[in-house]
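Structure first, commentary second.
Note that ligands are numbered from 1 as they come in the structure, with each ligand's atoms numbered from 1 the same way.
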Amino acid sequence: MRETIITRDSKVCADAIKDGGIVAFATETVYGLGADCFNEKAVREVFAAKGRPADNPLIVHVSSIEQAKTVVKEWTEEAEALAQAFWPGPLSLVMEKADGVLKIVTGGKDTVAVRMPGKYITQQFLKECGCPVAAPSANRSTRPSPTKAEHVLCDMDGKIPYILDGGSCEKGIESTVLDLSTKTLLRPGTVTVEELEEIVGPVAVFGQQGSPKSPGIKYPHYRPNYKVVLIKGNNVEKMTKELYNLASAKGEKCVILDAGNVMLKKDENIISFGSSDELCAAQLYDTLIGYEGKIDTMLVAGTSMQGIGLALMNRLEKAAAENIVIS
Ligand code: TXA
Ligand code: MG
């Protein structure tokens with residue numbers, strides 16, 4: 001394929017979708033890689049471009065609540081209340097799918113994840129597409145998710161005709177995924193458990209017990225090309241400093257991402273967003289990608305599991321994989 005064009009022209013991108021093509025587009029969370037949800041060939045191309053396993057379903061992006069109703073079996077009162085509270089925004093609802101929704105989109109499941117994204121340019125694009133758009137994050141599988149058009153270009157150059165450039169993704173991490181039938185949080189995000197509970201009552205947090213319900217949960221995620229070590233526990237500052245000194249003594253190039261805002265002494269090797277989990281989440285993938293080729297190790301001082309901290313730690317645990325140190 002010819003080289004990929006970064007554009008702000010939503011109509012050109014929507015026309016490509018209508019022609020059966022696949023296009024990357026900005027959202028307020030991360031960039032998505034979209035196809036007409038009813039075009040099986042185009043959806044297959046999304047899986048191929050990402051190198052995504054076929055049992056990991058895609059999120060269906062809609063331009064309105066009316067359109068959401070066309071992809072689910074039953075639009076419930078709770079769905080309506082959540083949509084009124086959080087859409088357009090970073091919340092995906094998993095509900096029983098309508099008969100017409102392709103199994104390839106849902107990874108063979110009878111449920112579908114649906115969300116109405118928040119950026120103005122994205123809404124414009126979805127309206128112009130005129131169809132629901134199935135889209136995973138626009139990274140190759142296992143890579144950190146893209147939060148800028150140039151991140152998408154690194155992973156997808158030559159594989160797709162267009163990237164709809166909406167600037168940086170202000171939330172910076174993927175949407176909260178809520179299974180509405182069981183009121184289980186399948187993936188934490190910037191819409192917090194506390195906020196969801198205000199609307200629908202108690203929400204179970206996936207991962208405490210049981211097997212994965214969200215197929216994506218079992219696959220590697222968010223891995224940059226250097227080692228990420230996550231430090232949790234009661235002595236995070238001390239342990240992080242010790243590990244930093246050890247790595248430096250071995251000649252490793254190392255930086256500290258101070259997610260928990262615990263490092264007392266700041267210097268140029270410490271990346272800090274103050275005490276705001278929200279700002280840290282907004283910059284997380286850009287920071288992970290930005291250090292590729294520059295360091296051997298990123299030590300991450302962990303944050304609390306409250307509010308957006310739950311989502312931030314979820315992404316950091318996956319980025320670190322087996323390199324989690326309890327202090
Ligand atoms: O913010 C976002 O959600 C971004 C933007 C582009 O909208 N999309 C995104 O998509 O993060 P993706 O494919 O990278 O992650 C979708 C997650 C996966 O963990 C997948 O397993 C889960 O949602 N999911 C999708 N449909 C599901 C279903 N029917 N049942 C359970 N989990 C589902
Ligand atoms: Mg993803």
Q) Is there a heavy atom in Lys97 that sits closer than 4.0 Å to ligand 1? A) no
Q: Could you tell me whether Thr111 and ligand 1 have an N or O pair separated by under 3.5 Å?
A: yes
Q. Taking Lys183 for the side chain and Val200 for the main chain, is one N or O donor matched with an acceptor at less than 3.5 Å?
A. yes
Q.
Check for me: within less than 2.8 Å of the Mg ion (ligand 2), which protein N/O/S atoms show up?
A. Ser137 OG
(Q) Check contact between Lys171 and ligand 1, using heavy atoms of the residue and a distance below 4.0 angstrom. (A) no
**Q.** Proximity of Glu28 to ligand 1 by residue part, where a heavy atom lies under 4.0 Å
**A.** neither
Q) Hey, does Thr106 sit under 4.0 Å from ligand 1 if you only count heavy atoms? A) no
Q: Could you pull out all residues at least two apart from Ala138 that satisfy side-chain contact (heavy atoms from CB on, under 4.5 Å)?
A: Ala24, Tyr31, Leu33, Pro146, Val152
**Q.** Euclidean distance, Cys129 SG relative to His61 NE2, rounded to 0.5 Å
**A.** 11.5 Å
Q) Are any of the N/O atoms in Lys50 less than 3.5 Å from those in ligand 1? A) no
Q | Best match, Thr190, Ile59, Leu186, Leu178: closest heavy atom to atom 31 (C) of ligand 1 | A | Leu186
Q) Charged N to carboxylate O under 4.0 angstrom, Glu174 versus Arg115? A) no
Q: For ligand 1, note which part of Lys109 has a heavy atom under 4.0 Å away: side chain, backbone, both or neither.
A: side chain
Q.
Check Lys73 with Asp99, please: is the shortest side-chain N to carboxylate O separation under 4.0 Å?
A. yes
